[in-house]
Protein chains: 2
Amino acid sequence: MRTTDPQVEETLPGCRAREILDRIGDKWSLYAIALLGGGTRRFTELKRGIDGISQRMLTVTLRGLERDGIVTRTQYPVVPVRVEYALTPMGRTLLDAVHPLITWTEGHLAGIDAARAAYDVRADSPNWPGSL
Amino acid sequence: MRTTDPQVEETLPGCRAREILDRIGDKWSLYAIALLGGGTRRFTELKRGIDGISQRMLTVTLRGLERDGIVTRTQYPVVPVRVEYALTPMGRTLLDAVHPLITWTEGHLAGIDAARAAYDVRADSPNWPGSL
DNA sequence: CGGCATCCCCTCGGATACTG
DNA sequence: CAGTATCCGAGGGGATGCCG
């Protein structure tokens, strides 16, 4: 997953932000990052903290984030195994960069839902797109 | 597209930002938003400006953004049809909220790619995950 | 010009079962 | 506990063709 698509690159100047969406835009990464923003967490803690995530997807997500240098994975040689995840310094700056988006969302989700409802009402009305 | 998934909601306090990723986290929305940040654009202008996007996906993307109140669609009653898209005020604030992420990406993409390369080298090494 | 309809492939991600 | 392996369905998204 997280395909590093070679095409579509030099199109929008400075809009390489799409590339970060390839990393954190998936279904679970942001949850993991947000949780780890609160400090080091064990695998099972993350699993419990991210409602609805499967074991497999948690592993896949964490592997991807580790690969990208956003989280670290520390395995302790004890039985049963103990593995701890934490944000790297870069991961922490990423969380900071995402924060405005979180704030924006909190302030505008209601507006979006309203726009949707209005749009859907129009779409369901008998005459639509409604000429003239 | 853009499924408003009813489950997975009250998990991470304040991490409803996942919900905005459901809106702009798809493959093309951010490109369209970034382009429209430069002003009103016609359909074909957007198509040319977003390299690799298909006609269908541009339509789908713009419909979604329109539905969410992020862009406006204005159709002029001329032949051939002339349609113009622009950011709504809310759309503009969204672009502002995304800006830190764009900046972050520009500053850290190299670091991410380096982390990846290092990770992949380790993964390809003969003994891995490397016991002891 | 700016769509919509159709077909179809391929990836994401869920369920389940097994391992050190 | 913390994974890995396998199977499989849903849907995101590309290609193509037709329409007002």
Side-chain angles (χ1 to χ4, degrees), chain A residues 1-5 7-8 18 21-32 40-67 71-86 123 128-132, chain B residues 1-5 7-8 18 21-32 40-67 71-86 123 128-132:
Chain A
M1 67 263 17
R2 253 173 272 261
T3 53
T4 309
D5 210 325
Q7 57 265 50
V8 186
R18 249 308 315 174
L21 290 188
D22 285 337
R23 270 106 179 168
I24 65 160
D26 63 11
K27 193 170 181 181
W28 301 109
S29 289
L30 194 55
Y31 286 123
T40 297
R41 295 283 184 275
R42 297 186 56 174
F43 185 88
T44 310
E45 290 179 301
L46 291 170
K47 175 109 173 54
R48 273 195 304 262
I50 306 174
D51 191 69
I53 196 172
S54 65
Q55 215 163 10
R56 177 180 175 278
M57 284 317 296
L58 181 55
T59 300
V60 169
T61 300
L62 290 171
R63 282 291 176 285
L65 294 175
E66 185 196 0
R67 184 163 107 101
V71 310
T72 58
R73 193 190 101 107
T74 312
Q75 178 172 339
Y76 297 94
V78 297
V79 301
V81 194
R82 177 187 184 89
V83 178
E84 289 185 346
Y85 292 89
W128 209 73
S131 51
L132 114 92
Chain B
M1 70 273 4
R2 254 171 273 260
T3 53
T4 309
D5 211 325
Q7 58 265 47
V8 187
R18 252 306 317 174
L21 290 187
D22 286 337
R23 270 107 177 167
I24 65 159
D26 63 11
K27 193 170 180 180
W28 302 110
S29 289
L30 193 55
Y31 287 123
T40 297
R41 295 282 184 277
R42 298 186 56 174
F43 185 88
T44 309
E45 291 180 300
L46 291 170
K47 175 111 173 54
R48 272 195 305 262
I50 306 175
D51 190 69
I53 195 172
S54 66
Q55 217 163 12
R56 178 181 174 277
M57 283 318 296
L58 181 55
T59 302
V60 169
T61 300
L62 289 171
R63 281 293 174 282
L65 294 175
E66 184 196 1
R67 184 165 107 99
V71 310
T72 58
R73 194 190 101 107
T74 313
Q75 177 172 340
Y76 297 93
V78 297
V79 299
V81 194
R82 176 188 184 91
V83 179
E84 289 185 346
Y85 292 89
W128 210 71
S131 52
L132 117 90

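The model shown is predicted, which means the values in this text are computed figures rather than measured ones. Per chain, numbering begins at 1; letters A, B, ... match sequence-line order.
For the pair A:Met57 CE and C:dT11 P, the interatomic distance rounds to 15 Å; values are reported in whole Å. Taking atom OH on A:Tyr76 and atom C1' on D:dG3, their separation rounds to 17 Å, with Å as the unit. The interatomic distance linking B:Ile53 (CD1) with D:dG12 (P) rounds to 15 Å, in whole Å. Rounded to a whole Å, the CH2 atom of B:Trp28 is 9 Å from the P atom of D:dG13. The nearest whole Å value for the distance from the CG atom in B:Asp22 to the P atom in C:dC12 is 16 Å. Per the geometry, CG belonging to A:Asp26 stands 11 Å off P belonging to C:dG14, to the nearest Å. The distance from atom CZ of A:Arg23 to atom P of C:dC12 is 14 Å, rounded to the nearest whole Å. One atom, CZ of B:Phe43, and another, P of D:dG20, lie 18 Å apart when rounded to the nearest Å.
Listed pair B:Lys27 / D:dG14 meets the phosphate criterion, a side-chain N or O lying under 4.0 Å from OP1 or OP2. Here A:Arg73 does not reach the OP1 or OP2 of D:dA2: none of its side-chain N or O atoms lies under 4.0 Å away.
Proximity of a side-chain donor or acceptor of A:Arg18 to a complementary backbone N or O of B:Asp26 within less than 3.5 Å is detected. Between the side chain of B:Arg63 and the main chain of B:Leu58, no donor-acceptor pair closer than 3.5 Å is present.
Partners of A:Val78 by side chain to side chain contact (heavy atoms under 4.5 Å, CB included), not counting sequence neighbours, listed by chain and number: A:Tyr76, A:Arg82. Taking A:Gln75 as the reference, A:Arg73 meet the side-chain hydrogen bond (donor to acceptor under 3.5 Å, both in side chains) condition, with sequence neighbours excluded. For A:Glu45, there are no salt bridge (Lys or Arg N to Asp or Glu O under 4.0 Å) partners two or more places apart in sequence or in a different chain. Applying the side chain to side chain contact (heavy atoms under 4.5 Å, CB included) rule to A:Thr44 yields the partners A:Arg48; only residues at least two apart in sequence or on another chain are considered. Under the rule for a side-chain hydrogen bond (donor to acceptor under 3.5 Å, both in side chains), A:Arg42 has no partner lying at least two apart in sequence or in another chain.
Toward the 5' end of DNA chain D, the nearer of the two residues A:Thr44 and B:Gln55, judged by each one's closest nucleotide, is A:Thr44.
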### Task
Would you write the dot-bracket representation of DNA chain C, where each base gets (, ), [, ], | or . depending on whether it forms a Watson-Crick or G-U pair under 3.5 Å and with which partner?
||||||||||||||||||||

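Residue B:Arg23 holds its CZ atom at 11.0 Å from CG of B:Leu65, rounded to the nearest 0.5 Å. Expressed to the nearest 0.5 Å, how far CG of B:Leu21 lies from OH of A:Tyr31 amounts to 9.0 Å. Here OG1 of A:Thr72 is found 9.5 Å from OH of A:Tyr85. Values are rounded to the nearest 0.5 Å. How far CG of A:Leu46 is from OG1 of A:Thr61: 10.0 Å, rounded to the nearest 0.5 Å.
Residues from residues 79-86 of chain B placing a heavy atom under 4.0 Å of any atom in DNA chain C, listed by number, are B:Pro80, B:Val81, B:Val83, B:Tyr85.
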Polar atom pairs between nucleotides 5-7 of chain C and protein, under 3.5 Å, N or O only, would you list them?
residue	atom	partner	partner atom	Å
C:dT6	O4	B:Arg56	NE	3.4

